[in-house]
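Worksheet: the structure to be examined is printed underneath.
Each chain gets a letter, A, B and so on, in the order its sequence line appears, and its residues count up from 1.
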Protein chains: 2
Amino acid sequence: MKIEEEIKQPTFKSEYHKAYINMVYTSGWLQQDQAAKFKPFGVTLQQYNVLRILRGQHPKPATISLLIERMLDKTSNASRIVDKLEAKELVTRKQCPSDRRTVDVLITEKGLELLKQMDPMEAGEGAGIRNLTEEEAEQLNALLDKIRNK
Amino acid sequence: MKIEEEIKQPTFKSEYHKAYINMVYTSGWLQQDQAAKFKPFGVTLQQYNVLRILRGQHPKPATISLLIERMLDKTSNASRIVDKLEAKELVTRKQCPSDRRTVDVLITEKGLELLKQMDPMEAGEGAGIRNLTEEEAEQLNALLDKIRNK
DNA sequence: GTACATTAAATGTATGTACATATATTTGCC
DNA sequence: GGCAAATATATGTACATACATTTAATGTAC
């Protein structure tokens with residue numbers, strides 16, 4: 001469905017304005033789809049993303065700063081997301097001996113096991129992105145990178 | 001900057017996976033930029049979106065259902081966003097006489113005045129989308145619509 | 001080595017999202 | 001008319017975002 005019908009707005013001020021609305025809407029659409037798939041596993045998208053970063057580091061620990069640096073949403077509150085993961089015993093957190101300001105966050109066996117189960121439904125696989133051809137996905141990546149050109 | 005550098009992830013499983021991450025990241029990037037521009041006006045992006053819909057209806061009132069239908073995020077809680085706008089006296093809310101289950105939400109003069117001030121920085125104008133050519137914006141719209149093809 | 005700035009993380013508050021449930025009203029069926 | 005289903009909105013809870021502030025530890029200047 002075209003974006004005009006989707007949000008019942010027949011016209012846009014410009015192709016640019018439409019593209020902006022379309023981006024925000026489609027991204028929300030993708031994320032909602034993904035969140036629904038993750039729900040049975042008891043972790044949210046953001047918690048999943050943090051677990052993925054931690055697996056990437058494993059068996060080295062990560063600091064909160066490193067998590068923030070790599071998260072999709074930089075301003076989100078990594079401390080509190082780690083709180084939730086710790087409560088589910090998917091990660092451990094302990095003060096780093098060499099710099100006691102920082103905290104070593106490590107994914108647990110249970111966390112690794114959960115990610116393994118979730119791997120087949122990796123973020124983006126199976127969602128609408130697959131409606132594109134490989135070439136179109138490349139085009140999209142190029143357009144998005146250009147948008148963020150600072 | 002390419003998305004790989006942006007989130008310090010050197011490779012992706014597939015062009016599709018990269019496109020998914022890129023979409024979510026770029027959309028967040030656009031919204032953060034916009035939210036910062038709106039901040040001096042004391043309304044959030046979502047509150048602004050609701051005000052825009054109400055101006056589109058003006059001088060007719062809108063129901064909460066109509067707002068939900070037209071909002072970018074359908075599952076968001078329109079009632080509570082209207083609460084915030086009402087507290088700022090940007091909208092009024094009163095029970096509709098013909099169907100007392102529904103509520104007539106109307107934008108106030110103050111609300112119209114605020115939107116007028118904000119018009120020059122309309123969502124998406126001036127943000128990164130303008131890095132694209134008109135043709136590229138069209139391409140992007142086509143790709144996004146295709147992603148959502150249900 | 002003490003004082004001050006910087007850094008890392010945690011915490012507080014307002015807002016919004018996602019989803020389940022509650023409440024009131026209207027509609028439709030008999 | 002009476003009652004069940006549907007509808008419109010509001011509310012409760014858990015989670016996340018955005019941003020300011022706090023606390024503790026480290027680095028640096030003198």
(request) Carefully, step by step, assess B:Asn141 and A:Asn22 under the rule side chain to side chain donor-acceptor pair (under 3.5 Å). (result) CA-CA 7 Å; B:Asn141 274 314; A:Asn22 209 344; 2.9 Å; yes
(request) If a pair satisfies salt bridge (charged side-chain N to carboxylate O under 4.0 Å, His left out) and one of its residues is in residues 103-112 of chain A, list it, with sequence neighbours excluded. (result)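 Listed once each, the pairs are A:Glu89-A:Lys110.
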(request) Sequence neighbours left out, what pairs pass salt bridge (charged side-chain N to carboxylate O under 4.0 Å, His left out) with at least one residue falling in residues 132-143 of chain B? (result)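 Sorted pair list: A:Lys146-B:Glu136.
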(request) Nearest 0.5 Å please: distance from the CG atom of B:Leu144 over to the OH atom of A:Tyr25. (result)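 Result: 12.0 Å between the selected atoms.
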Got [X] and [Y] here, is their nearest side-chain heavy-atom distance under 4.5 Å?
X        : Y        : answer
B:Gln139 : A:Leu143 : yes
A:Thr92  : A:Glu86  : no
A:Lys116 : A:Leu112 : no

(message) For B:Asp119, is there an ion pair with B:Arg55 - N to carboxylate O distance below 4.0 angstrom?
(response)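 Yes, charged N to carboxylate O under 4.0 Å.
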(request) Name every residue in residues 77-90 of chain A that has at least one heavy atom under 4.0 Å from any atom of DNA chain C, in order of residue number, or write none if there are no such residues. (result)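 Correct list: A:Asn77, A:Ser79, A:Arg80.
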(request) Check DNA chain C against residues 97-105 of chain A and give the residues with a non-hydrogen atom under 4.0 Å, in numerical order. (result)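 Heavy-atom cutoff 4.0 Å gives A:Arg101, A:Thr102, A:Val103.
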(request) To the nearest Å, give me how far apart CD (B:Gln47) and C1' (C:dA14) are. (result)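 So the two atoms are 10 Å apart, to the nearest Å.
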(message) What is the separation between atom CD on A:Glu69 and atom P on C:dT7, rounded to the nearest whole Å?
(response)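 For the pair A:Glu69 CD and C:dT7 P, the rounded distance is 14 Å.
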(message) Need two values: the first and the last nucleotide of DNA chain D, 5' to 3', having an atom under 4.0 Å from any heavy-atom of chain A.
(response)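 Contact boundaries, 5' end first: D:dC15 to D:dT26.
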(request) On DNA chain C, check which nucleotide each of A:Thr63 and B:Gln95 is closest to and give me the residue with the more 5' one. (result)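 Per heavy-atom nearest nucleotide, the more 5' residue is A:Thr63.
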(message) Within the supplied structure, the quantity of interest is the number of heavy atoms (other residues, nucleotides, ligands) at a distance under 6.0 Å from B:Lys13 NZ; does it exceed 12?
(response)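 Yes - once you tally the heavy atoms of other residues, nucleotides and ligands closer than 6.0 Å, there are more than 12.
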Using residues 63-72 of chain B as the side-chain source, report each donor-acceptor pair under 3.5 Å to any protein atom, sequence neighbours left out, with the distance given to one decimal.
| from | atom 1 | to | atom 2 | distance (Å) |
| --- | --- | --- | --- | --- |
| B:Thr63 | OG1 | B:Leu66 | N | 3.1 |
| B:Arg70 | NH1 | B:Gln57 | OE1 | 3.4 |

